[in-house]
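Lettering follows sequence order; numbering is per chain, from 1. Since we're looking at a predicted model, the values are computed, not measured.
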2 protein chains.
Amino acid sequence: MKVDRSVSSSAERILAAADKLFYRQGIRAVGVDAVAAEAGVSKRTLYNYYPSKDDLIAAYLTARFRHLEPSDAPAREQILGNFDRLERMFADGSFRGCPYVNAVTELGDPKHAAAGIALQFKEQRRVWFRVLLERLQARDPDALATQLQILVEGALASALVRGDPALARSARAAAEVLLDAAGARRPVRSVRPTRRAR
Amino acid sequence: MKVDRSVSSSAERILAAADKLFYRQGIRAVGVDAVAAEAGVSKRTLYNYYPSKDDLIAAYLTARFRHLEPSDAPAREQILGNFDRLERMFADGSFRGCPYVNAVTELGDPKHAAAGIALQFKEQRRVWFRVLLERLQARDPDALATQLQILVEGALASALVRGDPALARSARAAAEVLLDAAGARRPVRSVRPTRRAR
DNA sequence: TTGCAGGTAAACAGGTCGGTGTACCTATGA
DNA sequence: TCATAGGTACACCGACCTGTTTACCTGCAA
């Protein structure tokens, strides 16, 4: 298999191949041989960069880690925009569930590095919600953040078994009800008061 | 391994063994040899009852299928009781996620029988919610049923990566807010007004 | 030119997978 | 008494798994 070696390093290509195959077909369903072949790299080289499949799995999950940072956009928009992103993901056709939850499910072992990475990611998003909720001066931002996190997780799992993108809209509508009930109907101090909704 | 053959049929023991091992360790992580050994049955016999592992998987999921029927108890209690059951499951220690979602994740293939069974089960619970919501004369029972389903799914997934039973209470609180917002604050026409909560 | 780092291809080791083939055992009922 | 259904024990098959070894190739710098 011919691969343009100048475009990216071997390590990067291996990681890209692992991401594609692990997510699409499942971690346990894909062997290291397949990953090496997809990356256009010999198995020896793969094991040079990642000493074991478990290391590769951990690297795959870590690479998927996107550091969330609340932006300057209106908090409510940011929160609800999350669900719009979900809807786009569901409609994409290549959606196969949350990679972190999938890894935990597939590996089973709670002591596997993947379990810790998954927990870290989920907690990061929960905190991201909480910061935005504090900005909205919502009641009990911590509890509400957990509930929004549950809605996201539920939309992901539901869309996995029933591939309906509209599930994201259902979750979004529920989130709006929860936000309203927590007294976050409108931003208290919006960055730009004239900005219209969405 | 000595097994009391009079207690249950071979088929039942095989199914019980599959249930225990598949759920605890994962479908892909458990071989048919292990299931046969756990059931105290030869592999030949196992293949006599279940011609392939896929058949056994389908039987395992079907056997987990509990037919939900709305009872005469107050509808709101029934709905919220669902989340209390979740909390007990999470606290049990042997919780390993939703078996249907796990099967879909582990098998990957959307054409596998497991995918259909999972979908059937989820839809059944959604309808169960809807019937109860209609009884409560809630606004848009269909949409709200989907949202409650998402909450359940989200609690299951969240508890899988972060084993905190309190997540069920968070989901329950969110469900209460959604119910209230849909005008289902109290049962409008309870079946037997004097009947106490079961 | 030489030396060598870093890559390749391919075979191999030791094990597990789903599934089959074979030969033996045993309880039951005609 | 004997046939048979249904079970057991166990070796076996080919495929695939993670991970290692071997031997060779190639670009580049001293």
Side-chain angles (χ1 to χ4, degrees), chain A residues 1-19 21-22 24-61 102-103 106-109 111-114, chain B residues 1-22 24-61 102-103 105-109 111-114:
Chain A
M1 182 175 298
K2 210 59 190 159
V3 173
D4 187 351
R5 214 155 269 99
S6 67
V7 166
S8 55
S9 75
S10 291
E12 285 168 344
R13 271 180 297 121
I14 292 167
L15 211 51
D19 184 274
L21 297 181
F22 282 167
R24 298 238 267 244
Q25 292 165 230
I27 291 172
R28 295 197 85 119
V30 171
V32 288
D33 305 73
V35 175
E38 173 74 26
V41 141
S42 76
K43 207 159 50 149
R44 200 71 194 82
T45 302
L46 187 152
Y47 272 99
N48 183 33
Y49 287 106
Y50 306 96
S52 76
K53 188 181 181 180
D54 281 338
D55 288 275
L56 183 56
I57 293 168
Y60 149 63
L61 291 178
N102 289 359
E106 289 200 82
L107 301 174
D109 179 14
K111 293 200 301 293
H112 194 288
Chain B
M1 182 174 300
K2 209 59 189 160
V3 173
D4 187 351
R5 215 154 268 99
S6 67
V7 167
S8 54
S9 75
S10 291
E12 284 167 346
R13 272 180 296 120
I14 292 167
L15 211 50
D19 184 274
K20 175 176 164 186
L21 297 181
F22 282 167
R24 299 240 267 245
Q25 294 165 231
I27 292 173
R28 295 197 85 119
V30 171
V32 286
D33 304 74
V35 175
E38 173 74 27
V41 139
S42 74
K43 204 157 56 148
R44 209 78 189 86
T45 302
L46 187 151
Y47 272 98
N48 185 33
Y49 288 106
Y50 306 97
S52 75
K53 188 182 181 181
D54 281 339
D55 288 275
L56 182 57
I57 293 168
Y60 149 64
L61 291 178
N102 289 358
T105 299
E106 289 199 83
L107 301 175
D109 180 14
K111 293 198 301 290
H112 195 289

Undergrad: Taking only residues two or more places apart in sequence or in another chain, which ones pass side chain to side chain donor-acceptor pair (under 3.5 Å) with B/Lys43?
TA: B/Asp33
Undergrad: Just checking, is any N or O donor in the side chain of A/Ser52 or A/Asp55 under 3.5 Å from an acceptor N or O on the other one?
TA: yes
Undergrad: Between the base of D/dG19 and the side chain of A/Lys43, is there any donor-acceptor pair under 3.5 Å?
TA: yes
Undergrad: Please confirm whether the shortest side-chain N or O distance from A/Asn48 to OP1 or OP2 of C/dG7 is below 4.0 Å.
TA: yes
Undergrad: What's A/Tyr50 touching, base or sugar-phosphate or nothing? Going by heavy atoms closer than 4.0 Å.
TA: nothing
Undergrad: For A/Lys53 and C/dG15, what is the distance between atoms NZ and P respectively, to the nearest whole Å?
TA: 19 Å
Undergrad: Taking CG from B/Asp33 and P from C/dG15, how many angstroms apart are they, rounded to a whole number?
TA: 16 Å
Undergrad: Can you confirm whether B/Val32 sits close enough to B/Tyr50 that some side-chain heavy atom of one is under 4.5 Å from a side-chain heavy atom of the other?
TA: no
Undergrad: On DNA chain D, check which nucleotide each of A/Arg28 and B/Ser42 is closest to and give me the residue with the more 5' one.
TA: B/Ser42
Undergrad: Tell me what B/Val30 touches on the nucleic acid: a base, only sugar-phosphate, or nothing, going by heavy atoms under 4.0 Å.
TA: sugar-phosphate
Undergrad: Could you tell me how far apart A/Tyr47 (OH) and D/dT20 (C1') are, to the nearest whole angstrom?
TA: 9 Å
Undergrad: Could you work out which one of D/dT18, D/dG7, C/dG7 sits closest to the side chain of B/Tyr49?
TA: D/dG7
Undergrad: Just the table, please: protein N/O against nucleotides 23-28 of chain D N/O, every pair under 3.5 Å.
TA:
none

Undergrad: Consider the side chain of A/Thr45, meaning its heavy atoms from C-beta on, and name the nucleotide among C/dG19, D/dG19, C/dT8 that approaches it most closely.
TA: C/dT8
Undergrad: Just wondering, do A/Ile57 and A/His112 contact through their side chains at under 4.5 Å, heavy atoms?
TA: yes
Undergrad: Grab the CZ-C1' distance between A/Arg44 and C/dA9 for me, whole Å please.
TA: 13 Å
Undergrad: Take the protein atom CG of A/Leu107 and the nucleotide atom C1' of D/dT18, then report the distance between them rounded to whole Å.
TA: 15 Å
Undergrad: Provide, to the nearest angstrom, the distance between the CG atom belonging to B/Asp54 and the C1' atom belonging to C/dG19.
TA: 12 Å
Undergrad: Could you check if a side-chain atom of B/Phe22 sits within less than 4.5 angstrom of a side-chain atom of B/Leu56, using non-hydrogen atoms only?
TA: yes
Undergrad: Can you tell me the distance, in whole Å, between the CG atom of B/Leu46 and the P atom of C/dT20?
TA: 12 Å
Undergrad: Do A/Ile27 and A/Asn102 make a side-chain contact, defined as non-hydrogen atoms from C-beta onward lying under 4.5 Å apart?
TA: no
Undergrad: Could you report the tightest heavy-atom contact between A/Ile14 and A/Ala39, atom names first, then the distance?
TA: CA-CB, 3.7 Å
Undergrad: CD1 of B/Ile14 versus P of D/dG7: gap in Å, rounded?
TA: 8 Å
